[in-house]
Enquirer: 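Before I ask anything, let me first share the structure, which is written out below as structure tokens.
Please read these numbers as outputs of a predicted model, since none were measured by experiment.
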Amino acid sequence: MKKYYITTYGCQMNVHESEKLAGILTSLGYSASECEKDADIILFNTCCIRENAEDRADGNIGALKKLKKQNKDLIVAVGGCMTQQKGYAEQLIKKFPFIDIIFGTHNLEDFKTLLQKKLLQKKPVLEILEKEQQIKEGTPKTRTSFPNAWVNITYGCNNFCTYCIVPYVRGRERSRKLVDIVNECKELINEGYKEITLLGQNVNSYGNDLGDVDFADLITEISKIDKKFRLGFMTNHPKDLSEKLIKALANSDKVCKRIHLPIQAGSNRILKLMNRKYTREDYFDKIDLLRKYIPDIAITSDIMVGFPTETEEDFLDTVDVVNRIGFAGAFTFVYSRRKGTPADKMDGQVDENVSKERIMKLIDLQNSINRKQSENYIGKVVEVLCEGFDQKKNMYLGRDTYGRMLYFEGNEQDLGEFVSVKVLSAGGISLMGQKVN
Ligand code: SAH
Ligand code: SF4
Ligand code: F3S
């Protein structure tokens with residue numbers, strides 16, 4: 001049997017997109033390979049959100065030259081956000097002439113046709129579509145994240161934050177029909193999945209292009225599915241988080257008690273330059289509203305340092321937000337210049353060393369907050385959805401409704417099940433516990 005090997009970079013959306021590529025290859029009779037060297041087709045699903053994501057992909061593609069020499073029939077395909085950038089595909093094929101197929105984000109689901117084309121010709125297939133296509137339903141998926149299942153609800157983004165490349169490589173926002181999403185969720189729950197995570201660049205604006213439904217309606221509909229499961233979603237844009245939605249979240253017995261609500265920066269001046277369309281005060285108001293309806297909700301965030309013109313004072317505003325809110329977790333990033341975005345042309349690009357210093361301070365602060373939160377867990381009994389086994393720790397692992405990772409001694413039957421775990425110790429941010437009945 002022929003084998004495929006896929007390397008994925010970037011966000012959960014890309015992880016799910018790779019599940020579709022795997023699904024397409026499975027439908028063609030391929031199976032997953034454990035390593036690159038045993039594969040007949042090697043695929044890279046790339047990301048271009050920051051420079052380092054591109055560098056990593058470049059390095060790994062370059063390293064295939066040797067394998068390609070050893071095996072003339074090996075097919076190398078590169079697709080995703082990196083290749084979708086204007087003029088990038090031509091650049092890439094010049095640099096790595098051994099690549100067989102280059103595709104973008106708008107024709108990822110046509111991979112079967114691209115592969116068949118390649119098998120009939122010697123020269124590489126290089127196809128990037130400029131415009132977003134109509135949403136395709138029914139693409140096969142080989143899922144890899146049981147007991148969680150990713151479900152797309154929107155594609156693309158209309159927000160044009162000035163630092164961000166996503167609107168340029170993913171196109172305008174399109175929403176899937178409510179009925180298609182609900183049906184997919186029902187099927188997944190019936191198949192035994194215990195957690196659904198809805199995906200979109202900005203899930204809160206779901207339905208804006210459909211007219212008669214919004215994200216709150218979608219949450220309410222999915223929550224009606226009559227079996228025990230958890231419902232999560234990402235990512236949220238603070239400007240679109242409405243009271244109607246917060247009420248729908250609070251009223252659902254399926255929605256997890258966690259929300260990822262990227263603030264990006266704590267300074268109003270920087271938020272304006274970023275085109276985020278909210279102030280720090282607006283953000284605090286949203287947090288108050290969330291905590292009014294769901295008092296124990298865990299809030300996580302994305303935070304960036306070193307945006308053009310960011311001063312020490314602006315940075316201290318970000319530190320202040322982190323101190324005041326007490327995030328349950330935060331992804332922190334150093335601003336990375338992206339060609340074609342407005343921020344790339346702004347004066348006042350921040351010195352790399354200054355940014356590095358700032359991010360280190362931020363990471364230390366967030367870690368200390370997480371440690372305190374971990375200590376508060378000790379002695380509590382929490383419900384964990386067991387999602388895997390950690391070889392190194394020799395323990396099973398899973399998350400609670402707040403998204404906290406817990407390790408515990410369990411057995412194979414626990415995989416994919418809800419188990420009660422008593423937290424016994426906290427080492428840094430990871431929690432250890434014991435199963436209880
Ligand atoms: N749509 C999501 C996020 C997508 S990208 C949202 O708006 O929340 C994930 C994160 O990467 C962003 O939240 C941002 O913090 C970070 N990011 C985006 N562009 C970046 C850039 N040019 N440099 C550094 N970080 C960036
Ligand atoms: Fe990028 Fe902003 Fe869209 Fe998120 S909301 S994908 S940060 S443009
Ligand atoms: Fe990267 Fe594209 Fe996601 S740029 S973060 S893979 S949408």
Enquirer: Do other residues, nucleotides or ligands put more than 12 heavy atoms under 6.0 Å from Lys356 NZ?
Expert: no

Enquirer: Which residues pass the ring-ring contact (aromatic ring centres under 6.0 Å, His included) test with Phe229, not counting sequence neighbours?
Expert: none

Enquirer: Could you list the donor-acceptor pairs under 3.5 angstrom formed between side-chain atoms of residues 93-104 and any protein atom two or more places apart in sequence or on another chain?
Expert:
{"residue": "Lys95", "atom": "NZ", "partner": "Asp58", "partner atom": "OD2", "Å": "2.2"}
{"residue": "Asp100", "atom": "OD1", "partner": "Lys68", "partner atom": "NZ", "Å": "3.2"}
{"residue": "Asp100", "atom": "OD2", "partner": "Lys68", "partner atom": "NZ", "Å": "2.6"}
{"residue": "Asp100", "atom": "OD2", "partner": "Val76", "partner atom": "N", "Å": "2.7"}

Enquirer: Quick one: does any side-chain atom of Lys227 pair with a main-chain N or O of Ile225 as donor and acceptor, under 3.5 Å?
Expert: no

Enquirer: Any donor and acceptor pair, going by atom type alone, linking the side chain of Thr83 with main-chain N or O of Gly80 inside 3.5 Å?
Expert: yes

Enquirer: Could you go through the salt bridge (Lys or Arg N to Asp or Glu O under 4.0 Å) check for Asp351 and Arg358 one step at a time?
Expert: CA-CA 11 Å; Asp351 183 87; Arg358 288 181 186 160; over 6 Å; no

Enquirer: Walk me through it: do Lys86 and Lys339 pass the test side chain to side chain contact (heavy atoms under 4.5 Å, CB included)?
Expert: CA-CA 10 Å; Lys86 250 201 169 72; Lys339 265 208 190 81; over 6 Å; no

Enquirer: Within a 6.0 Å radius of atom CD on Gln121, are there more than 12 heavy atoms belonging to other residues, nucleotides or ligands?
Expert: yes

Enquirer: In sequence, state the C-alpha distance, the side-chain angles, and the governing distance for Thr162 and Asn275, and then conclude on side chain to side chain donor-acceptor pair (under 3.5 Å).
Expert: CA-CA 6 Å; Thr162 54; Asn275 191 31; over 6 Å; no

Enquirer: Please check if the number of heavy atoms outside Asp226 that lie under 6.0 Å from its CG is greater than 12.
Expert: no

Enquirer: Keeping the roles fixed (side chain from Glu132, backbone from Gly171), state whether a donor-acceptor pair exists under 3.5 Å.
Expert: no

Enquirer: Kindly determine whether Thr8 and Asn14 satisfy side chain to side chain donor-acceptor pair (under 3.5 Å), including the steps that lead there.
Expert: CA-CA 7 Å; Thr8 309; Asn14 244 23; over 6 Å; no

Enquirer: Between Glu51 (side chain) and Ser336 (backbone), is there a donor-acceptor pair under 3.5 Å?
Expert: no

Enquirer: Of Ile42, Ile24, Thr26, Asp40, which is the lone residue that meets side chain to side chain contact (heavy atoms under 4.5 Å, CB included) with Tyr4?
Expert: Thr26

Enquirer: Between CG of Asp400 and OH of Tyr377, what distance do you get to the nearest 0.5 Å?
Expert: 3.5 Å

Enquirer: Assess the residue pair Thr154 and Asn202 against the criterion (side chain to side chain contact (heavy atoms under 4.5 Å, CB included)); give the C-alpha distance rounded to whole Å, side-chain angles, the decisive distance to 0.1 Å, and a yes or no.
Expert: CA-CA 8 Å; Thr154 63; Asn202 175 11; over 6 Å; no

Enquirer: Give the intermediate values and the outcome of salt bridge (Lys or Arg N to Asp or Glu O under 4.0 Å) for residues Glu184 and Arg176.
Expert: CA-CA 11 Å; Glu184 184 176 353; Arg176 277 179 81 191; 2.6 Å; yes

Enquirer: Would you say Ser33's side chain and Tyr5's backbone share a donor-acceptor pair under 3.5 angstrom?
Expert: no

Enquirer: Hey, what do you get for CD (Gln373) to CD1 (Ile369), rounding to the nearest 0.5 Å?
Expert: 7.0 Å

Enquirer: Working to the nearest 0.5 Å, report the span between CD1 of Ile363 and OG of Ser368.
Expert: 12.5 Å

Enquirer: When you measure from the centre of the six-membered ring of Tyr9, is the NZ or CZ of Arg56 under 6.0 Å away and within 45° of the axis?
Expert: no

Enquirer: Sequence neighbours excluded, which residues qualify as ring-ring contact (aromatic ring centres under 6.0 Å, His included) partners of Tyr283?
Expert: none

Enquirer: Do the side chains of Lys257 and Glu383 get close enough for a salt bridge, i.e. N-O under 4.0 angstrom?
Expert: no

Enquirer: Taking atom types as modelled, is there a side-chain donor on Ser205 or Glu173 under 3.5 Å from an acceptor on the other?
Expert: yes

Enquirer: So does Met82 get a backbone contact from the side chain of Thr46, meaning a donor-acceptor N/O pair under 3.5 Å?
Expert: yes

Enquirer: Ring pair (Phe, Tyr, Trp, His ring centres under 6.0 Å): which pairs involve residues 207-227, sequence neighbours left out?
Expert: Phe215-Phe233

Enquirer: Any luck finding a side-chain donor-acceptor pair between Glu54 and Gln85 under 3.5 Å?
Expert: yes

Enquirer: Evaluate Leu108 against Asn45 for side chain to side chain contact (heavy atoms under 4.5 Å, CB included), listing each step before the verdict.
Expert: CA-CA 9 Å; Leu108 186 136; Asn45 191 10; 4.0 Å; yes

Enquirer: Arg404 vs Asn370, test: side chain to side chain contact (heavy atoms under 4.5 Å, CB included). Steps then yes/no.
Expert: CA-CA 10 Å; Arg404 244 339 171 76; Asn370 284 142; 4.0 Å; yes

Enquirer: Could you walk me through whether Asn236 and Lys286 pass the side chain to side chain donor-acceptor pair (under 3.5 Å) check?
Expert: CA-CA 12 Å; Asn236 298 273; Lys286 299 275 167 154; over 6 Å; no

Enquirer: How far does CH2 of Trp150 sit from CD of Glu19, to the nearest 0.5 angstrom?
Expert: 8.0 Å

Enquirer: Would a 4.5 Å heavy-atom cut-off, applied to side chains only, mark Thr300 and His260 as touching?
Expert: yes

Enquirer: Around atom NZ of Lys37, are there more than 12 heavy atoms of other residues, nucleotides or ligands at under 6.0 Å?
Expert: no

Enquirer: Give a yes-or-no answer on whether the side chains of Asp209 and Ser175 include a donor-acceptor pair shorter than 3.5 Å.
Expert: yes

Enquirer: Near Glu137 CD, under 6.0 Å, is it more than 12 heavy atoms from other residues, nucleotides or ligands?
Expert: yes

Enquirer: What are the two closest heavy atoms between Ser301 and Pro262, and how far apart are they?
Expert: OG-CA, 3.4 Å

Enquirer: Could you tell me the separation between the CE atom of Met274 and the CE atom of Met304, rounded to the nearest 0.5 Å?
Expert: 4.5 Å

Enquirer: Answer yes or no: is there a donor N or O on one side and an acceptor on the other, between the side chain of Gln366 and the main chain of Phe327, under 3.5 Å?
Expert: yes

Enquirer: For residues 110-117, please give each side-chain donor-acceptor pair under 3.5 Å, one per line with the distance, not counting sequence neighbours.
Expert:
{"residue": "Asp110", "atom": "OD1", "partner": "Lys136", "partner atom": "NZ", "Å": "3.2"}
{"residue": "Lys117", "atom": "NZ", "partner": "Glu127", "partner atom": "OE2", "Å": "2.5"}

Enquirer: Flag the pair Lys277 / Lys272 as yes when at least one side-chain heavy-atom distance between them is below 4.5 Å, and no otherwise.
Expert: no

Enquirer: Checking Gln133 side chain against Lys131 main chain: does a donor-acceptor pair fall under 3.5 Å?
Expert: yes

Enquirer: Between Glu417 and Lys194, does any side-chain N to carboxylate O distance fall below 4.0 Å?
Expert: yes

Enquirer: Determine whether more than 12 heavy atoms belonging to other residues, nucleotides or ligands lie under 6.0 Å from atom CD of Glu191.
Expert: yes

Enquirer: Starting at OG of Ser223, measure out to CD1 of Ile196 and round the result to the nearest 0.5 Å.
Expert: 11.0 Å

Enquirer: Could you tell me if the side chain of Ile165 sits less than 4.5 Å from the side chain of Cys81, heavy atoms only?
Expert: no

Enquirer: Identify, with sequence neighbours excluded, every residue that meets ring-ring contact (aromatic ring centres under 6.0 Å, His included) alongside Tyr168.
Expert: Phe160

Enquirer: Please tell me if the side chains of Val305 and Lys361 come closer than 4.5 Å, counting only heavy atoms from C-beta onward.
Expert: no

Enquirer: Please confirm whether the backbone N or O of Glu17 pairs with a side-chain atom of Glu109, one donor and one acceptor, at under 3.5 Å?
Expert: no

Enquirer: Any side-chain to backbone donor/acceptor pair from Arg337 onto Asp344? Under 3.5 Å, distance only.
Expert: yes

